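The structure appears below as structure tokens.
What you are looking at is a predicted structure, and each value in this text was computed from that prediction instead of being measured. Proteins get letters first, then strands, A, B, ... in listed order; numbering begins at 1 in each.
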There are 2 protein chains.
Amino acid sequence: MSRQTIEEYLETIKTLEEMEGSPVRTSSLARVLTVSPASVSEMLQRLSEKGMVRYTPYSGVSLTEKGLQQVLKLTRRHRLWEVFLNRHLGIGWEEVYDEACNLEHNTSGMVAEKLANYLGNPAVCPHGSPIPDENLRLPEKSGTPIANLETGKKAKITRITNEINSELLHYLTGLGIVPGAEIEVIEKASFDGTITIKAGESIKAVSAEVASFIEVEPAN
Amino acid sequence: MSRQTIEEYLETIKTLEEMEGSPVRTSSLARVLTVSPASVSEMLQRLSEKGMVRYTPYSGVSLTEKGLQQVLKLTRRHRLWEVFLNRHLGIGWEEVYDEACNLEHNTSGMVAEKLANYLGNPAVCPHGSPIPDENLRLPEKSGTPIANLETGKKAKITRITNEINSELLHYLTGLGIVPGAEIEVIEKASFDGTITIKAGESIKAVSAEVASFIEVEPAN
DNA sequence: AAAAATAATAAGGAAAACCTAACAATATAA
DNA sequence: TTATATTGTTAGGTTTTCCTTATTATTTTT
């Protein structure tokens, strides 16, 4: 198994653990990686032999500590590059994900740490996601999905949890829903979860699905 | 043939064309790439089918215009990253080559041009080698090997043409022989080509082989 | 021109990363 | 609780891209 392939599998497992819970099903991985379930089964056995994952046939797969450390290392590099691309090269936060994906797998530890230092050891990426520190530790989770915010409450957007879908991010940018923006929940439709949000002077509604990607911290 | 493999072959062919002349022999490529001559033959046929090289069996291989453009594109990305790593991250000019190799293959055109702009469109890398411009054009060659410099003449070091050998570069740094340094040739031994150089206050001798990597521009 | 050195090719193989089809296990619904 | 549907695994095969070894062709040297 090539390093690239290993890294792709591990990162996808981590993402799915967060999205759908652990353990992750073979079929989910097959869907996301667009390969056959049979291929996934095969790969998971090999990753298991390498001690990167815990794999129980017919049940699912989860990262071991070793696998998790590997993913955190990549996440750190990925998000550091995102900060650089956005802040210094002026590439939009909607676009930096893909570019950072290309760079993260080819960054040495030395370059990663010098880069972190150059950037002033940022705590979050342009989407508001936390950057693991030098020891790969993450802070306690602080934000909450916007659906949890009471109507009429003001809050600050801290994070958009879907970094991959650049169309979504462009759409949110158009609505003024970007990390750091001050917003207020005007209305939450109980029927379908649509949420009406005031951002700046404009008032816009977003679907429950889109809202699920928006994390906020209530203003005090 | 994977993109990575193609790029490695093309870059090696270019380097060997400069070092040993064109066309490049199969055996030279096999030696540098540490693969069998049989594999090289096989690969050269495929590169030839793709129109990247001109390959004449038993004679050798040279880059086509298409192959050359490809190499220049990579060279541009490579040297831009070297400038960034050296100037902004503080990685020594002796070390930047390897790191830039990793990054160059995973850099999009967009990132390359934004990076160039960020760096102020530098003309040369930390070793003094020219960076192809946005249209992949290179300036006329201006420097000359130090062996061509007359004894007693002052000159400025413009380039070290061996960027790969970091031990050599560390050695030269210790002697004060770095791009930009003002030097003077004290003596050229006619027997073995050893050259005695004054750099700053110190006077040191270098072998003909090491000297062959040092390019200068005479002071006016 | 023959011998020696070098280069190219052919034959065969290994490993990675997929696949399909058949079978097995588990979950769900009647 | 049995039948049905869903999901997962195994077995065996394919493709790609490299490899080595042995053989054949060409060039160079004597």
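Note: Phe84(A) and Trp81(B) have tilted aromatic rings, judged against thresholds of 30 and 60 degrees for the angle between ring planes.
Think of the region where chain B sits on DNA chain D: with heavy atoms and a 4.0 Å cut, that region ends 5' and 3' at dT17(D) to dT26(D).
Applying the ring pair (Phe, Tyr, Trp, His ring centres under 6.0 Å) test to pairs two or more places apart or on separate chains, none has a residue in residues 1-60 of chain B. Sequence neighbours left out, the pairs with a member in residues 46-75 of chain A that pass salt bridge (Lys or Arg N to Asp or Glu O under 4.0 Å) are Glu42(A)-Arg46(A).
For the segment residues 6-19 of chain B, the set of residues with a heavy atom within less than 4.0 Å of an atom of DNA chain D is empty. Interface residues of residues 23-34 of chain B facing DNA chain D, ordered by number: none; criterion, heavy-atom separation under 4.0 Å.
Among the heavy atoms of the strands, none lies under 4.0 Å from Val40(A).
In this structure a side-chain-to-backbone donor-acceptor pair under 3.5 Å is present from Thr64(B) to Gly51(B). Within the 3.5 Å criterion, the main-chain N or O of Ser59(A) finds no donor-acceptor partner in the side chain of Thr56(A). A donor-acceptor pair under 3.5 Å links the side-chain atoms of Lys188(B) to the main chain of Ala147(B), judged by distance alone. Here the side chain of Arg76(B) pairs no donor or acceptor atom with the backbone of Ile131(B) at under 3.5 angstrom.
Nearest heavy atom pair, residue Glu217(A) against residue Gly143(A), reads OE2-N, 4.2 Å. Across every non-hydrogen atom of Ala211(A) and Ile146(A), the tightest pair is O-CG2, 3.6 Å.
Between Ser36(A) and dC19(C) there is a side-chain polar atom (N or O) within less than 4.0 angstrom of OP1 or OP2. Contact between the side-chain N/O atoms of Ser2(A) and the OP1/OP2 oxygens of dA16(C) is not found at any separation under 4.0 Å.
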Which pairs, protein N/O on one side and nucleotides 9-12 of chain C N/O on the other, fall under 3.5 Å?
unit_1: dT9(C); atom_1: OP2; unit_2: Gln45(B); atom_2: NE2; d: 2.9

task: With side chain to side chain donor-acceptor pair (under 3.5 Å) as the test, would you mind laying out the steps for Glu187(B) and Thr151(B) before giving the verdict?
output: CA-CA 6 Å; Glu187(B) 194 189 345; Thr151(B) 303; over 6 Å; no
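The nearest whole Å value for the distance from the CG atom in Leu47(A) to the P atom in dA17(C) is 10 Å.
In this structure, Arg46(A) and Ser59(B) both approach DNA chain C, and ranking their closest nucleotides by distance from the 5' end singles out Ser59(B).
A salt bridge is defined here as a Lys NZ or Arg NE, NH1 or NH2 lying under 4.0 Å from an Asp or Glu carboxylate O, and Glu11(A) with Arg77(A) fails to meet this definition. With salt bridges taken as basic N to acidic carboxylate O contacts below 4.0 Å, one links Lys141(B) and Glu215(B).
Taking the six-membered ring for Trp and the full ring otherwise, the centers of His127(A) and Tyr97(A) sit at least 6.0 Å from each other.
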